[in-house]
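In what follows, a single structure is set out as structure tokens and then discussed.
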Amino acid sequence: MSEIVTTRIDQSLPAAGRAKRWVFRVGLGVVALIIPLVLLGLLAFLTLQAWPAIQFNGFGFLVSNDWDLGSQYGTPVSVDGHQVLPGASYGILFLIFGTLASSLLAVLFALPAGVLSAMFISEVVPQGARDVVAAVVELLAAVPSVVFGLWGYVVVIPVFSHYVYPLMADVLGFIPGFGGPVGAGYGLLTAGVVLALMVVPIITANVREAISAVSRGDVEAGFALGATRFEVVWKVVLPQVKTAIVGVTILGLGRALGETMAVLMVSGNALDIPSNIYSPFSTMAAFIVSQLDSALQDPTGMAVDSLSEIGLMLLILGIIVNSIARLIMWRVRG
């Protein structure tokens, strides 16, 4: 029906008007194609750049826990038709573990804080001040990640390593992964806390938007039946936004997966799977930054190609996570 109406409108316009309308529609289509084309371009570029490493590393790239650039001063050798430095091997199992573990910890901390913040802003803060309070919370999303990393380095690491982690190790040491040693403060839990603060604004903003779509008639009906504010929120509002909460949780997970500088500054950049929740570790994004300079010294180029393969895996993971989140959010808005 809309196509018929549009066609009739076009026919009623003079020739110059129809030409302008056609140019406008084509221009919008070209602009709309830019983002998917850029994404496809990134996938193609990383795939081509990483192809020698994909052939050389095989499936062991994902399940091996050994990253070694080899002898920087040795003569390159041929392995399966590829020139590499002697002793070179590339495995990123510890990076996959570190990326997923730190992101899940961040979401675990950020989800209750973000949902409760959204509930507080929507249901408790006076109507006239809601937009101001929401803007202050959402401004956290505009803070550069390196600032969060600096805050983690200057504040979180000293405080947690001297006071919080020793207490946790004493009280929760019977739980696997929570026992000592607590180290110097660089590690998985520290990165999870820093990442959580970066994810909270995303969760708060989206959950608040979902709450604003809840019918006020349902809320007022709950109050009319004698329910308290807590009961209305728990039994009327939350059930209607639970799908949005699931979607925004995955969206926050995608945000945490790709974080680089903040994690690099507080993770310790260890090349192994952490022995406990306090141990240093590394993520795929942070590892690429930390290893790029050394990889560029490899005359065979295999180290840079392997870093490109890490980038390709990270991009694919981010696309999957964010696509799932967007599908859920579209369902909620629908």
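Just so it is clear, the values below take in all heavy atoms, side chains as well, and ignore hydrogens, waters and symmetry mates. The model shown is predicted, which means the values in this text are computed figures rather than measured ones.
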Query - For Asn322 against Gly254, the heavy-atom pair lying closest together - result: ND2-CA, 4.0 Å
Requested in this report: For Ser279 and Asn276, test the side chains for any donor-to-acceptor distance below 3.5 angstrom and give the result as yes or no.
Outcome: yes
**Report entry** Side-chain heavy-atom pair Ile54, Leu312 within 4.5 angstrom cut-off
**Finding:** yes
Requested in this report: Not counting sequence neighbours, which residues clear side-chain contact (heavy atoms from CB on, under 4.5 Å) with Ile203? List them please.
Outcome: Ala110, Leu111, Val115, Val199, Val207, Val248
Query raised in the report: Measuring from Arg130:CZ to Ser122:OG, what's the distance to the nearest 0.5 Å?
Result: 6.5 Å
Requested in this report: Determine, step by step, whether Trp51 and Asp305 satisfy the side chain to side chain contact (heavy atoms under 4.5 Å, CB included) criterion, reporting the C-alpha distance in whole Å, the side-chain angles of both residues, the deciding distance to 0.1 Å, and the verdict.
Outcome: CA-CA 7 Å; Trp51 188 248; Asp305 293 342; over 6 Å; no
Query raised in the report: Are side-chain heavy atoms of Leu150 and Val154 found at a separation under 4.5 Å?
Result: yes
Query raised in the report: CG/Leu95 to CG/Leu271 distance, rounded to the nearest 0.5 angstrom?
Result: 8.0 Å
**Report entry** Under 3.5 Å: donor-acceptor pair, side chain of Gln55, backbone of Pro52
**Finding:** no
Report task. Quick one: closest heavy-atom pair of Arg208 and Ala118, and the distance? Result -> N-CB, 3.7 Å
Query raised in the report: Backbone N or O of Gln291 within a donor-acceptor pair of the Ser294 side chain at under 3.5 Å?
Result: no
Report summary line: Smallest heavy-atom separation, Val200 atom then Ala113 atom, equals CG2-CB, 4.1 Å
**Report entry** Within-4.5 Å side-chain heavy-atom neighbours: Ser290 and Leu264
**Finding:** yes
Residues 163-180, side-chain donor-acceptor partners within the protein, below 3.5 Å, at least two apart:
residue : atom : partner : partner atom : Å
Tyr165  : OH   : Thr190  : N            : 3.1
Tyr165  : OH   : Thr190  : OG1          : 2.6

Query raised in the report: To the nearest 0.5 Å, how far apart are CG in Asp272 and CZ in Phe97?
Result: 10.5 Å
Counting only pairs under 3.5 Å, give me each side-chain donor-acceptor contact of residues 67-94, with atom names and distances, residues two or more places apart or in other chains.
residue : atom : partner : partner atom : Å
Asp68   : OD1  : Gly70   : N            : 2.9
Ser71   : OG   : Gly74   : N            : 3.2
Ser89   : OG   : Asp66   : OD2          : 2.7

Query raised in the report: In Å, rounded to the nearest 0.5 Å, how long is the span from CD of Glu309 to CZ of Phe61?
Result: 4.0 Å
Query raised in the report: Can you find a heavy atom in the side chain of Phe223 that is under 4.5 Å from one in the side chain of Leu225?
Result: no
**Report entry** Derivation of the side chain to side chain contact (heavy atoms under 4.5 Å, CB included) call for Val263 and Val194
**Finding:** CA-CA 8 Å; Val263 176; Val194 174; over 6 Å; no
Donor-acceptor list for residues 26-45 side chains, cut-off 3.5 Å, not counting sequence neighbours:
none

Report summary line: Smallest heavy-atom separation, Ser282 atom then Ala270 atom, equals CB-O, 3.5 Å
Query raised in the report: Does one hydrophobic cluster hold both Ile310 and Ile273, with members joined at side-chain heavy-atom distances below 4.5 Å?
Result: yes
Query - ILVMFWY cluster, Val236 and Leu116 together (side-chain gap under 4.5 Å) - result: no
**Report entry** Gly258 versus Thr260, closest heavy-atom pair with distance
**Finding:** O-OG1, 3.4 Å
Query raised in the report: Please walk me through it: do Val266 and Val156 pass side chain to side chain contact (heavy atoms under 4.5 Å, CB included)?
Result: CA-CA 9 Å; Val266 301; Val156 178; over 6 Å; no
Report task. Return yes if some donor-acceptor pair links the side-chain N/O of Ser212 with the main-chain N/O of Glu209 below 3.5 Å, else return no. Result -> yes
Report task. Looking only at non-hydrogen atoms, find the nearest pair between Met284 and Thr99 and report the distance. Result -> N-OG1, 2.9 Å
Query raised in the report: If you group Ile, Leu, Val, Met, Phe, Trp and Tyr by side-chain heavy-atom gaps below 4.5 Å, do Val147 and Met261 land in one group?
Result: no
**Report entry** Inter- and intrachain pairs under salt bridge (Lys or Arg N to Asp or Glu O under 4.0 Å), touching residues 245-270, at least two apart
**Finding:** Arg255-Glu259
**Report entry** Separation of Ile324 CD1 from Thr249 OG1 (nearest 0.5 Å)
**Finding:** 12.5 Å
Query raised in the report: Should Tyr278 and Leu188 be marked as a side chain to side chain contact (heavy atoms under 4.5 Å, CB included) after you check the CA-CA gap, both sets of side-chain angles, and the distance that decides it?
Result: CA-CA 6 Å; Tyr278 320 107; Leu188 189 59; over 6 Å; no
Requested in this report: Answer whether the closest heavy-atom distance between the side chains of Val304 and Leu296 falls below 4.5 Å.
Outcome: yes
**Report entry** Joint hydrophobic cluster, Phe59 plus Leu317, side-chain heavy atoms closer than 4.5 Å
**Finding:** yes
**Report entry** ILVMFWY network linking Ile319 to Leu48, side-chain heavy atoms under 4.5 angstrom
**Finding:** no
Report task. First locate atom CD1 of Ile320, then atom CD1 of Ile250, and finally report the distance between them rounded to the nearest 0.5 Å. Result -> 12.0 Å
Query raised in the report: Can a donor-acceptor pair be found between the side chains of Ser267 and Asn269 at a distance below 3.5 Å?
Result: no
Requested in this report: Report yes if the side chains of Leu195 and Leu105 come closer than 4.5 Å at any heavy-atom pair, otherwise no.
Outcome: no
Query - ring pair (Phe, Tyr, Trp, His ring centres under 6.0 Å) contacts in which one or both residues fall within residues 98-144, not counting sequence neighbours - result: none
